[in-house]
Amino acid sequence: MALNQSGWRPTTPESGSNAPATFTGNKALMLEEALIFEIGSTDTTGVDFSASPAKTGAQSGDVATGPRPSPGNKLGDLFRAKPIGLPGLSEPETVRHYTRLSRQNYAIDLGLFPLGSCTMKHNPRLNEKMARLPGFADVHPLQPVDTVQGALGVIHQLAEWLVTLTGMHSVAMSPKAGAHGELCGILAIKAALEKRGEGHRKVVLVPESAHGTNPATAAFAGFAVEDIPATPDGRVDTEALVARLGPDVAGVMITNPNTCGLFERDLKAISEAVHAAGGYVYCDGANFNAIVGRVRPGDLGIDAMHINLHKTFSTPHGGGGPGSGPVVFSERLTPFAPLPFVERSDSGFHLVEEETAGEHHADSFGRMTAFHGQMGMFTRALTYILSHGADGLRQVAEDAVLNANYVLRSLEDVLDAPFAKSGPCMHEAIFSDEGFPEGFTTIDVAKALIDEGFHPMTMYFPLVVHGAMLVEPTETESRAALDQFIGALRSVAERAKAGDATLKTAPHFAPRSRLDETLAARKPKLVWREPVVASEAAE
Ligand SMILES: *Cc1c(COP(=O)(O)O)cnc(C)c1O
């Protein structure tokens, strides 16, 4: 839509609506906002700069003015030759611009965020308060260890909790996300195989019910990935997996709870078979929130598993960060775990690094990160753990599972639920677009949910389900909030099943309606051009 002469985008009223267009494009408190390039000007700034240094030979239009400073400025005697054309706004305009944009975001603090496989739950403010204490927030990774004893104590105490909760032998705290944790686990397995002289084991078996990062990790670490089919009830086909074991198999990567939202019941038997065949068991435990306090992965024979602190133990995430994916190890893999780690002795906490590790850790595969991991997330996770206590953590899992089953059972009459007969789900409920009339699919439901004021659920994942809708309500939603979401999804599903054409153009009430997402992904417009005034616009 083009700007009009006044630089505003007029609204187009909804088709069939008798609402008038507004001059500003705003719809009451829903404020339209142009790009900063459109509203800013290169002549405006909120800051008083002193005169810029001159550059000899400056051409007209160059910003450089005033005397040239002595050589050796901070940019190595480089000077700007041309204006860079960045738009400026006054301070209040800048504040408004970004505040208006931020209001177009959806956030967990606004409402239920049902993305599955991503656990968007409430983040207690206490965590934030603790993480912002200067003693944690302002430490530098190169500070002498005797000045950061408290921070190292947090890492150590959190590590102890993770080892206890998982029933495993040790933990590497440094990996910075779930996928990074997978890489850490797989590199430890690789190191263990090489130490045994079995580096020729090059195949990693990955069931269809595993998360997409699993095969990516195995491939990245140089293994050949082989798929193991899923059974119709959404679990790994144990028979097929066991049949494929052999001297070329390095191990398996199994997501539990899996991407069909189900518990892999055969994991213990699978571990025994994999171990008997000389392989290792990697478990993707990103969604530990579904089993924390109820199941100890160590009891299932797992050799390595990452835990997404940001999913289970809370931290505001999404949009790319932050994450933290500590990896717990079995006794057999512990010698190969990465450095550094925090150790406690009579004299306090210290870091075991390459220089200090000595022969004891000679088999460590190396490092995952430059320093020690995500300090802010460690502080949040430990705060979350300590404020919930062991009983509270168990209730986290119970409520997450209860809420997901409530959603599943409340909607299975109106939406196809492919695994509804496979028993209770874990933390996620899965539906499909089976039974929708021709031309209607999951995306229409998702877009209409935006009109209902909800972030859409995960769509078209897991791949084994046609038109999948993956809903993870999490444990922090009340029954009232769930009922409202269920009501909205029910209404939208009924409209889809009735072939309601207005769904095809939803969302109708969002700042932007249905976009051509394929075009946007394939041919993104990355360069801003001068806006076209309404009188010249072709529209
Ligand atoms: C989220 C998730 C991952 C990836 O975690 P990141 O922190 O995003 O790298 C891996 N596996 C499963 C099952 C997940 O849910």
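Predicted model, so just to flag it, every value in this text is computed and none were measured. Start at 1 and go down the list; that is how both ligands and their atoms are numbered.
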**OP:** Report the relative orientation of the aromatic rings in H211 and F461; use parallel for angles under 30°, tilted for 30 to 60°, perpendicular for over 60°.
**Re:**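 Perpendicular: the ring planes of H211 and F461 meet at over 60°.
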
Original post:
How are the rings of H455 and F113 set to each other: parallel, tilted or perpendicular (split at 30° and 60°)?
Top reply: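 Plane angle under 30°, so parallel.
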
Original post:
CG of D284 to CD1 of I302: how many Å apart, nearest 0.5 Å?
Top reply: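 CD1 of I302 is found 10.5 Å from CG of D284.
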
Quick one: ligand 1 N/O to protein N/O pairs below 3.5 Å?
{"residue": "ligand 1", "atom": "5 (O)", "partner": "N308", "partner atom": "ND2", "Å": "3.0"}
{"residue": "ligand 1", "atom": "7 (O)", "partner": "G178", "partner atom": "N", "Å": "2.8"}
{"residue": "ligand 1", "atom": "7 (O)", "partner": "N308", "partner atom": "ND2", "Å": "3.3"}
{"residue": "ligand 1", "atom": "7 (O)", "partner": "H310", "partner atom": "NE2", "Å": "2.8"}
{"residue": "ligand 1", "atom": "9 (O)", "partner": "G178", "partner atom": "N", "Å": "3.2"}
{"residue": "ligand 1", "atom": "9 (O)", "partner": "A179", "partner atom": "N", "Å": "2.8"}
{"residue": "ligand 1", "atom": "11 (N)", "partner": "H211", "partner atom": "ND1", "Å": "3.3"}
{"residue": "ligand 1", "atom": "11 (N)", "partner": "D284", "partner atom": "OD1", "Å": "3.2"}
{"residue": "ligand 1", "atom": "11 (N)", "partner": "D284", "partner atom": "OD2", "Å": "2.5"}
{"residue": "ligand 1", "atom": "15 (O)", "partner": "S117", "partner atom": "O", "Å": "3.1"}
{"residue": "ligand 1", "atom": "15 (O)", "partner": "S117", "partner atom": "OG", "Å": "3.0"}
{"residue": "ligand 1", "atom": "15 (O)", "partner": "N287", "partner atom": "ND2", "Å": "3.1"}
{"residue": "ligand 1", "atom": "15 (O)", "partner": "K311", "partner atom": "NZ", "Å": "2.6"}

Original post:
Does a side-chain N-to-carboxylate-O contact under 4.0 Å join D248 and R244?
Top reply: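 Result for this pair is yes, salt bridge flagged.
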
Subject >> SB check K447 E517 (cutoff 4.0 Å) >> reply: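 Result for this pair is yes, salt bridge flagged.
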
**OP:** Kindly indicate, with the supporting measurements, whether the criterion salt bridge (Lys or Arg N to Asp or Glu O under 4.0 Å) is fulfilled by E477 and K121.
**Re:** CA-CA 8 Å; E477 296 303 335; K121 68 184 183 185; over 6 Å; no

